[in-house]
Amino acid sequence: MNELFISISPASLFLEPLSHDFMRRALMVSALVGGVCGFLSCYMTLKGWALMGDAVSHAVMPGVVVAYALGFPFSIGAFVFGVGSVALIGFVKQKSRVKEDTVIGLVFTGFFALGLVLVSKIKSNIDLLHILFGSPLGISKSDVNQTIIISGIVVLLLLLFRKDFMLYCFDPTHARSIGINTGLLHYLLLSALSLAAVAGLQTVGIILVVAMLITPGATAYLLTDSFDRMTILAIFSSVISSVIGVYISFWSDIETGGSIVLVQTLIFLLAFLFAPKYGILKFKGSINS
Amino acid sequence: MISQHSFQEMLRIEADQVCVDYNGTVALYDASLKLKSGCICGLVGMNGAGKSTFFKALMGFVRPSMGTIRINGIAVSSAQRNQAVAYVPQNEGIDCSFPVSVWDVVMMGRYGAMNFLRIPRESDRRAVWHALERVELTDYRKRPIGSLSGGQRKRAFLARAIAQRASVLLLDEPFTGVDVRTEKLMSELFLQFRNEGRTILISTHDLSHVRDLCDLVVLINKTVLAYGDTSEVFTPENLTMTFGGISPEFLSGSTSTEDFKE
């Protein structure tokens with residue numbers, strides 16, 4: 001590795017990995033998933049659905065296992081269990097006196113535990129680590145196709161209902177009073193969340209996918225007061241961190257999901273410290289002071 | 001939408017023996033009320049008396065278990081689709097750190113009249129501009145909503161209701177946390193609205209504003225205790241009844257009054 005670094009120019013640091021088929025695929029998928037999750041993360045952070053994102057992403061686990069075992073696309077199994085968990089959370093919350101965050105925690109750990117048990121019991125060639133931590137460098141062609149389709153659906157949903165989702169997050173009462181079906185919006189947004197969690201699972205895995213669904217939005221939130229700009233910044237930072245993460249993972253042989261999320265966290269940290277208006281280190285004497 | 005003619009004798013709000021209960025708990029019973037177009041009406045009662053339930057019923061959020069509500073002569077759900085009812089929230093009910101500008105917020109009043117993708121037309125932009133002019137916030141249109149003062153924020157949401165061209169305005173405690181300038185401007189606006197044929201329903205326990213501003217008063221405590229001209233209804237006896245036996249002088253602005261049950 002050392003000789004390699006000495007003999008190559010900075011340009012080839014970026015270009016050399018592109019000569020590998022698997023790297024091109026990994027970069028493409030990671031950037032795509034990063035963009036989709038970044039887009040959605042704006043709504044997740046503004047709606048305060050971080051815990052919901054965590055719940056849905058963990059709850060898809062048994063779905064993935066069952067789908068692999070029965071031989072149909074993992075994304076369908078994952079989606080069914082993702083939406084199922086959300087419905088179950090809503091049901092238990094409505095029918096019992098237990099508080100919502102407790103119900104969320106209860107349901108998702110239950111689903112996740114079921115997934116773990118199923119993996120250990122069902123004999124198959126599922127690699128538990130790939131589900132838990134993602135493996136964009138080892139992604140198969142059929143998985144790439146699934147991810148593209150899922151991402152397409154999520155992006156379409158978000159583009160069509162962009163303004164309505166924004167209004168729903170900001171002032172659901174007004175939305176409802178002018179005749180907008182907020183119940184439908186609620187479930188559409190949750191479906192988008194389930195789908196994005198399934199897509200994100202490919203690159204960073206179940207455990208870390210919630211980071212993809214909140215960190216870019218949180219970063220962008222610190223940088224702007226405009227919703228449109230927030231969306232663009234979130235997508236941009238998410239795509240960039242996914243790509244940088246994959247590169248770092250390739251060159252230094254570290255775990256890809258971890259490296260992507262670490263880059264995201266680092267960008268958030270920079271915004272947290274240096275954001276012009278909302279950073280904690282505002283420079284004295286600047287216009288903002 | 002408001003048609004400039006024929007609203008003289010039109011009933012804006014018609015509630016007939018409305019009952020609302022949440023899982024068996026009665027929030028409102030036998031509430032009847034008729035409000036004509038072009039009036040300012042105070043909805044007075046203590047916390048938990050059913051003011052917000054009544055608002056929710058008028059907006060179609062809760063379905064009465066008995067009785068009917070009609071807005072502009074049609075069912076609430078149809079009135080909703082006609083953008084007839086606008087709700088101006090309490091300041092505490094809004095996420096002030098949400099990344100939207102004043103312009104964006106007022107534009108939300110136009111959403112219901114826009115196409116599916118909510119792309120503003122020239123007419124929508126004109127309506128927003130006009131609404132901002134009326135509440136004197138045009139200079140603030142690019143500011144994030146969170147950077148405004150309480151009074152300015154209240155005006156922004158009022159502008160949203162204007163842009164929506166609603167004929168029924170429901171206001172929740174409009175005078176709390178508001179500066180003198182806003183208070184004056186709002187009072188003037190309410191009078192203009194009345195002349196335009198809109199009906200304004202103000203939910204509050206701030207009695208002095210009701211006395212000065214409202215043509216009509218509705219006193220509620222789980223049901224409509226009394227309603228009619230302010231001068232006739234706003235008597236010490238009625239108010240004492242409304243506030244559960246406590247003389248109103250002791251509770252101006254108080255929110256901690258215990259729920260009263262007969």
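Letters go in sequence order (proteins before strands), and every chain restarts at 1. Since this is a predicted model, take the numbers as computed values, not measurements.
- Among A:His174, A:Arg162, A:Met166, the residue with the largest count of heavy-atom pairs under 4.5 Å with chain B is A:His174.
- Residues passing the side-chain hydrogen bond (donor to acceptor under 3.5 Å, both in side chains) test with B:Glu136, sequence neighbours excluded: B:Arg181.
- Interface remark: A:Cys169 contributes backbone and side-chain atoms alike to the contact with chain B (heavy atom separation under 4.5 Å).
- The minimum heavy-atom distance linking B:Leu117 with A:Leu160 is given by the pair CD2-O, 3.6 Å.
- In this structure, chain A has heavy atoms under 4.5 Å from both the backbone and the side chain of B:Ser97.
- In A:Arg229, the CZ atom is not crowded: 12 or fewer heavy atoms of neighbouring residues, nucleotides or ligands sit closer than 6.0 Å.
- A:Phe170 and B:Phe98 have tilted rings, their planes meeting at an angle from 30° to 60° on a 0 to 90° scale.
- When heavy atoms are compared at a cutoff of 4.5 Å, B:Ile94 approaches chain A solely by way of its side chain, counted from C-beta outward.
- Heavy-atom neighbours of chain B within the stretch residues 87-111 of chain A, taken at a separation under 4.5 angstrom, are nonexistent.
- Residues B:Met114 and A:Lys163 have side chains not in contact (no heavy-atom distance under 4.5 Å, counting atoms from C-beta outward).
- By the side-chain hydrogen bond (donor to acceptor under 3.5 Å, both in side chains) test, B:Thr53 is found to be paired with B:Tyr22, residues two or more places apart in sequence or in another chain being considered.
- Scanning both residues, A:Leu46 and B:Asp95, for their nearest heavy atoms gives O-OD2, 4.4 Å.
- Considering CE of B:Met107 and CG of A:Leu167, their distance stands at 13.0 Å, rounded to 0.5 Å.
- Contact of B:Arg160 with chain A is made through the side chain alone, with heavy-atom distances under 4.5 Å.
- Contact detail for B:Pro99 and A:Met230: the closest heavy-atom pair is CG-SD, 3.6 Å.
- Counting non-hydrogen atoms of other residues, nucleotides and ligands closer than 6.0 Å to CZ of B:Arg63 gives a total of 12 or fewer.
- With a 4.5 Å cut-off on non-hydrogen atoms, A:Ser177 touches chain B through its backbone and its side chain both.
- Heavy atoms closer than 4.5 Å to chain B are found in both the backbone and the side chain of A:Thr173.
- The contact between A:Ile180 and chain B is made entirely by side chain atoms (from C-beta outward), counting heavy-atom distances below 4.5 Å.
- Applying side chain to side chain contact (heavy atoms under 4.5 Å, CB included) to A:Ile178 and the options B:Gln80, B:Gln83, B:Met59, B:Met108 leaves one that passes, B:Gln83.
- Not a single donor-acceptor pair under 3.5 Å links the side chain of B:Arg118 to the backbone N or O of A:Asp164.
- For a residue to count as touching a neighbouring chain, one of its non-hydrogen atoms must lie under 4.5 Å from one of that chain's; by this rule B:Val105 touches chain A with the side chain only.
- For B:Phe61, the parts sitting under 4.5 Å from any heavy atom of chain A are the backbone and the side chain alike.
- One distance of note links CG of A:Asp228 with CG of B:Asp104; it measures 7.5 Å at 0.5 Å rounding.
- For B:Arg81, there are no side-chain hydrogen bond (donor to acceptor under 3.5 Å, both in side chains) partners, not counting sequence neighbours.
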